[in-house]
Structures are given as structure tokens and as C-alpha cells.
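So that the names make sense, note that chain A is the first sequence line, chain B the second, and so on, each numbered from 1.
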Amino acid sequence: MPDRPRYYLTTAIAYPNNKPGLHTLYEVIGADVIARWHRMKGDETRFLTGTDEHSVNIAQRAQELGRDTRDFVDEMVKVFTDAEDALLIAPDRFIRTTDPDHQRASQEMVRRAYASGDVYLGTYEGWYCPAEGFKAPSDLYETPDGMRCPSHPTIELQWLTERNWFFRLSAYRDRLVAHFAAHPDWVEPEYRKNEMLAFLRAGLEDISISRETLHWGIPFPIAENGETAQREDGSWDPEAGVIYVWFDALINYITGAGFPDDPTAFAKWWPADLHVIGKDINRFHTIIWPAMLMSAGIDLPRKVWVHGFMTVRGEKMSKSRGNFFDPFDVIAAFGADGTRFVTLREFPFDQDADVSWDSFVRRYNADLANDFGNLVNRTVSMARRYLGDERPAPLPRTEGRLSWSWGKLPELYQAMIEDCMLHDALGLVFGNFVSEANQYVDQERPWEIAKAWKAGDEEAGERLRGVLGDLIEACRLIGLAGAPFMPSIAPRVLAQLGYAYPYAADGNGGPPLLRELEWGSHAGETGALGTAEPLFPRLESEAAAAEAPASGT
RNA sequence: GGCUGGGUAGCUCAGUGGUAGAGCAAGCGGCUCAUAAUCGCUAGGUCACAGGUUCGAAUCCUGUCCCAGCUACCA
């Protein structure tokens, strides 16, 4: 296979200090859809997701539970990967920042920044909560007795100074501004880019990249005297401290591409085509990360997509608020495919959006059970009843109104997915086109054509085959187009229509999807229709609401 | 406080100078192939408020009110 395009995308990595909620996973679901789209299109695709395990919170949580930190994260990571498996998320690598190659990558990045003259020794000052560690001023409030931290209001905060290594972020402002100017699409949506431009305008301060008092982390590779902090026996001098978790976390994207162990792989996969991240970490990805890469002499990622937050009645969904969905509850009600669909259809990927259990049920019933599921069901039932098992062929592309409607839709659909406008892409196919197919049934009234045919009208038989052939073709196209979103339903749709499903479970291996999405691309082939079985059982709203978790309050 | 964006039918939103739109929800009617499904019809909403420009503004300008995002080291 000569020179297939390659596509490398990543999600942010999650802190496995607790069970993941749906609001954590929708980013991964969205990225998985984009990854599957590229795999099915025929691109050589690499999809990276994983966990960020060096946070203070994790070490602290393990301590609270009286657990060994490593044992604790191993267990929590399993919870994450189980949830992702249940959601049919198929990364090419699940990276953990505790992986050995990530330690090598992170240390190499520190060395490179140091070699570039961007790392120097300084002091970090800030409020320190004895129970929790350093706290940002924005997280604190002032009382007559001094500064307090919300989680431990009775404890007096201390103003501490810590010796740290700093990264000369300030030196990169002009280069960053120039990069933004030269690559106007590199951060999207545009308003997120503008926020960062405003931030850059205000100027940059250097950032600390080491923590001398922490031990859960990647050993800082450079000693105070500028020599290596590695000892004769290979171990790292604890005096050197650890790499600050943010500096290490970002580096996962290049570790996952082969840096620094496998230069061939790295040359192939880097720069990444897409980082999918949340709006809370925009600055880290579009200012700090590119500066780190510039300092190391590595190309910048091509695009960073910043999605919004899932909210419940205007409040951010979060574990601490308790207003979140357990992904397993959602999967139990809607299935993995249904969960992926309702999540991405109800949630515009470019902004915050309010979701509720009820809105999920409505969306599932309207789009999947009533419109699409029922379309497949009525189409297959009619074809079998009137014409038998053998699948009728669609009309040539220029003749039927459905093929005309389909027209340039795949092109638009592709543009929407590749622009990360996943809700719009779903609306196009599962809103507009499915609706047109249902309208077509009522306009053509196949049951009446069938009666006429039975009554001896020979021409009616041809018409009936054409109408049902077109409807079957519409179902094939919808099922395939929807496969990145609903990977386990797609093969079942095609089976009912008498088609084999040519892709592997992760979307690899089949023919180029865009060719499959051409109207009539299998028109010449014979096939036997399967049995019409409901693909998306309708949910009763009240019953479903009764099972709703925390959100129902 | 500063910067940016926004306030349009019950809900979510589209619409950037020329007779107010879509989807969902609701009501009425049709059809019977289908998962009580589908199809058609039904919204008369001061387009936040007040001025202004214009033959004409939701769409441009000014002011006011309200909302959201950003305004650096919690990860």
C-alpha cells in the first residue's frame, strides 16, 4: 500500500484519581469517532489516549486510602480502560505517564530545553496548604485571619518558597505570535484562538518545571551543578526533585509517537494532526506546549481542537458536584452505540452544552428508534414481504430523488467530521437525510405499488423494485456513514440489507470509505436480505427517567 | 475592573440591510410498510431595552441592562 496518508490524533490524558464520568469520556468518544473515520477512509491512523498519573492529587488520594501509589493507579487505570472498552473506544496505544518510555521522553525534553538555554534555577513562591500543597491564589480566599483554602478552612496557609527549575517561556512570545499568525487554523474554534492571542498580548512569564519536595513523579534529570542527576548505579538523585507534572504530561503526545526511542516511528507520526482537548487546558496546549517543542527543536502539532464542557442546568458536570453520569449507567440504557450517538449529537463539540438524561432519551427515541431504526425496519420488512429475500438494486445515481439528495452529502459530512463539528455531521445524516428517506416512503407508498403489481400491473413491479432498492441503498449509506459513531450497529445494519461488513472492529482494513459512500457502489452485486429486527428498541421516557442516576434530581 | 462574544418562537439554536427561520416539544389531520412508528398541516415571536443612520434594520452606529468566556503555574 504505497504512501497511504497518515493521521495521528490524541486526546488529553486523564487523571485516574477516581472513576471516569461521561463528561470525561466524551472527549475520547469524539476523538475515537475521528480516528475511526480516518481508518475507514484508508488513512494509516494512530490514535493515542491515556492517563496522567503523576499528579499530587493521585499521590494524596492513594495515601488517604493507605495504598501504595503505583498499586492504586494500576487499579484506577483499569477502571478507565474498562469504561473505554465498554464504549468501543479503540486507541492504538493507551499511554500511561508512568510508562518507562515516557520517563525517557520527558527527561530528554528537559535536557533539550536545558541545552537550549531555556532552563534555569529559580525560586517558586506561593501559598502552601499543609494538607494539600501549593495552591493557586485563585483557589483561595481571604479572611481576617489570613488566606484560607476552601477544602481546609481551619488550617492556616503558609507562604513558602521552593527552589525550582524554570522554563524560559517568556522568550517564546514573539515566536508563538508569529506561529499563530502563520497558521490561522491551528487552534479552533476561532474564539478559543482569540483568547490565547489576548493572553499572548499581555506577555508571558516563565514557568516552574520541577518540584523538589515531591517524589511521585519523573526524576528531574539535571542536578544543580548542571550535570546529570543520574548516579553510577543508574538511579536518580532524589535531591534533584521531579519534573512538574504538567511539563511531563504534555510530553505524552510525542512519547506516543516514538520519541525518543524510535526515530523512524517518530519521523513518521510527528507532527500530530490533531490534539483534542478541553477548554480548561487550552493555554497549556497552545502556548506552553508549542514553546516546549520549539525549545527542543521539534515541529508543532498541526491543529488543537478545544471542546467545551458538558453542563447540567448550567453547571459544569463534575464528580465533586455529583451531577455526572456514570458511563456504565448510560451504556446500560442506550447501549454503547446509542451512548456514543446521543452524547455527540446532544453536545456541540465546539461549545458548552446542557445535557440531561431526558434529553438523551428524547434524542435516542427520535433519531435512532423512530427515524433511523424504524426506517431500516420498514424498508427490510417491505422488501421481504413484497419481493422476497433477494435484494433489489438501487436506481442509477441520476434517477431517484434519494440519490439526488445524497449527492454531495459525503463531501460535506467529511468536512464536518474533519473540522470536529461532530454534532453537525450527525445532524446532516441522521437528521436531514434519514428524514428525507422517511418522507420518500410516504410519497412513493410502496404498499400501493405492490397492490397494483399484484393486480396485474407489470410496470408496477419495476417501480417497486426501484423504490425499495433505493431505500435499501439509503440505509446502507446511512449505516456506513454512521459507522465511526456507531461501530457495532453498522455491521448489523448491513447484515439486514444483505451486505457483508468489510471493516475490522477498530475500523481498519476495509475499502476506502468514501468510495463505499458513493451511491450505488455495490449496485451490481446480489445479496440476500436478513431478518428485520429492531436495531434501537424504543425507550419509554418515564421508565428510563426512573433509572436516571444523580442527574435526575 | 480589562478584553472578547452573546441576548431571536416553550426548549436548543440558524439567520448580518429589503415581507422573521429550522429541529425538538405540543395540537390537528392523513397513511398503514414499520419499533403506538411514519407523513402533512399548525408557531402570528415588542428579534434584551432606548435612541440614531437609511426609502427600509434582528441584521449598521451610540447608550443602557443582563449573560458567558478569557484575564498563567489545582492538576
Fill in: Distance between C1' atoms of B:rC60 and B:rC67 (Å, rounded)
23 Å
Worksheet item: Nearest of B:rU35, B:rC39, B:rC73 to any side-chain atom of A:S208?
Response: B:rC73
Discussion item. Using the P atom as the point on both nucleotides, what is the distance between B:rG5 and B:rG10, in whole Å?
Written reply: 28 Å
Worksheet entry | For B:rC24, the Watson-Crick or wobble counterpart (both distances under 3.5 Å) | B:rG10
Worksheet item: Which whole number of Å gives the distance between the C1' atom of B:rU46 and that of B:rC41?
Response: 28 Å
Worksheet entry | Nucleotide of B:rA75, B:rU38, B:rA72 approaching A:R283 most closely (side-chain heavy atoms) | B:rA72
Practice prompt. Quick one: look up who B:rC74 pairs with, Watson-Crick or G-U, both distances under 3.5 Å, and put none if it's unpaired.
Written response: none
Worksheet item: Using a cut-off of 4.0 Å on non-hydrogen atoms, how would the nucleic acid contact of A:F199 be classed: base, sugar-phosphate, or nothing?
Response: base
Worksheet item: Is A:L497 close to A:E473 at the side-chain level, that is, under 4.5 Å between some pair of heavy atoms?
Response: no
Worksheet item: Rounded to the nearest 0.5 Å, how far does OG of A:S106 lie from CD1 of A:I243?
Response: 5.0 Å
Worksheet item: How many Å lie between CZ on A:F536 and P on B:rU38, as a whole number?
Response: 14 Å
Fill in: Shortest side-chain distance from A:I207, nucleotide among B:rU35, B:rA75, B:rC73
B:rC73
Discussion item. Using the ring-ring contact (aromatic ring centres under 6.0 Å, His included) criterion, which residues pair with A:H423? Sequence neighbours excluded.
Written reply: none
Item to complete: Taking the six-membered ring for Trp and the full ring for Phe, Tyr or His, determine whether the centres of A:H285 and A:Y253 are under 6.0 Å apart.
Response: yes
Worksheet entry | Whole-Å distance separating the CD1 atom of A:I58 from the C1' atom of B:rA75 | 9 Å
Worksheet item: Is the distance between the ring centroids of A:W165 and A:F247 under 6.0 Å?
Response: no
Worksheet item: Using a cut-off of 4.0 Å on non-hydrogen atoms, how would the nucleic acid contact of A:G431 be classed: base, sugar-phosphate, or nothing?
Response: nothing
Worksheet item: Mapping A:Q443 and A:A369 to their closest nucleotides on RNA chain B, which lands nearer the 5' end?
Response: A:A369
Worksheet item: Which base sits across from B:rA43 as a Watson-Crick or G-U pair, both distances under 3.5 Å?
Response: none
Worksheet entry | Selected nucleotide, minimal atom distance to A:Q351 side chain, candidates B:rC13, B:rU38, B:rC70 | B:rC13
Worksheet item: CG/A:D206 to CG/A:N164 distance, rounded to the nearest 0.5 angstrom?
Response: 12.5 Å
Worksheet item: So, do A:F360 and A:F325 have ring centers that fall under 6.0 Å from each other?
Response: yes
Worksheet item: With sugar-phosphate meaning primed atoms plus P, OP1 and OP2, does A:E205 contact a base, only sugar-phosphate, or nothing at under 4.0 Å between heavy atoms?
Response: base
Response to the item:
Expected list for residues 378-387 of chain A near RNA chain B, using heavy atoms below 4.0 Å, is A:R378, A:S381, A:M382, A:R385, A:Y386
Practice prompt. Using a 4.0 Å heavy-atom cut-off across all strands, classify A:D352 as base, sugar-phosphate, or nothing.
Written response: nothing
Discussion item. If you assign each of A:P537 and A:F166 to its closest nucleotide in RNA chain B, which residue comes earlier from the 5' end?
Written reply: A:P537
Worksheet item: When the C1' atoms of B:rG17 and B:rC61 are considered, how many whole Å apart are they?
Response: 13 Å
Item to complete: Run the ring-centre check on A:F430 versus A:F372 and record whether the distance is less than 6.0 Å.
Response: yes
Discussion item. Base, sugar-phosphate or nothing for A:G203? Non-hydrogen atoms, less than 4.0 Å.
Written reply: base
Discussion item. Using atom P in both nucleotides, what's the gap between B:rU16 and B:rU59 to the nearest angstrom?
Written reply: 12 Å
Discussion item. If the cut-off is 4.0 Å, is A:Y244 near the phosphate of B:rA75, judged by side-chain N/O to OP1 or OP2?
Written reply: yes
Fill in: Spacing of A:L200 atom CG relative to B:rU71 atom P, expressed in whole Å
12 Å
Worksheet item: Between B:rC3 and A:N194, is there an OP1 or OP2 to side-chain N/O distance shorter than 4.0 Å?
Response: no
Worksheet item: On a whole-Å scale, what distance lies between the C1' atoms belonging to B:rA14 and B:rG29?
Response: 29 Å
Worksheet item: Would a line drawn from the ring center of A:Y26 to the ring center of A:F347 be shorter than 6.0 Å?
Response: yes
Discussion item. Using atom P in both nucleotides, what's the gap between B:rC55 and B:rC70 to the nearest angstrom?
Written reply: 44 Å
Worksheet, complete the sentence: In Watson-Crick or G-U wobble terms, with both distances under 3.5 Å, the base opposite B:rG56 is none
Item to complete: Return the nearest nucleotide to the side chain of A:L204; candidates are B:rA75, B:rU35, B:rA72.
Response: B:rA72
Identify all pairs in which a protein N or O lies below 3.5 Å from an N or O of nucleotides 21-31 of chain B, and state each distance.
| from | atom 1 | to | atom 2 | distance (Å) |
| --- | --- | --- | --- | --- |
| B:rG30 | N2 | A:D442 | OD2 | 3.3 |

Discussion item. Counting only Watson-Crick pairs (N1-N3 plus N6-O4 or O6-N4) and G-U wobbles (N1-O2, O6-N3), all under 3.5 Å, who is the partner of B:rC3?
Written reply: B:rG69
Worksheet entry | From CD (A:E390) to CZ (A:R384), nearest 0.5 Å | 13.0 Å
Worksheet entry | Selected nucleotide, minimal atom distance to A:D280 side chain, candidates B:rU35, B:rC39, B:rA75 | B:rA75
Worksheet item: Nearest to the side chain of A:I281 - B:rA75, B:rC73, B:rC39?
Response: B:rA75
Worksheet entry | Whole-Å gap separating C1' (B:rG15) and CG (A:D424) | 15 Å
Practice prompt. Write down the distance between CG (A:D350) and P (B:rA68), rounded to a whole number of angstrom.
Written response: 19 Å
Item to complete: Ignoring hydrogens and angles, state whether a donor on the side chain of A:T531 or A:E533 is under 3.5 Å from an acceptor on the partner side chain.
Response: no
Worksheet item: Roughly how many Å is it from CZ in A:F309 to C1' in B:rA68, rounded to a whole number?
Response: 14 Å
Discussion item. Side chains of A:N252 and A:T97: any donor to acceptor distance under 3.5 Å?
Written reply: no
Worksheet item: Which whole-number value in Å describes the distance from A:F334 CZ to B:rU35 C1'?
Response: 16 Å
Worksheet item: Over how many whole Å does the gap from A:I449 atom CD1 to B:rC33 atom C1' extend?
Response: 12 Å
Discussion item. What's A:N370 touching, base or sugar-phosphate or nothing? Going by heavy atoms closer than 4.0 Å.
Written reply: sugar-phosphate
Item to complete: Using the C1' atom as the reference point in each nucleotide, state the distance between B:rA58 and B:rG18 in Å, no decimals.
Response: 13 Å
Practice prompt. For A:I287, report the nucleic acid contact type (base, sugar-phosphate, nothing); a contact means any heavy atom under 4.0 Å.
Written response: nothing
Discussion item. Using ring pair (Phe, Tyr, Trp, His ring centres under 6.0 Å), reason through A:W305 and A:H275 one step at a time and then give a plain yes or no.
Written reply: CA-CA 6 Å; A:W305 175 263; A:H275 289 325; over 10 Å; no
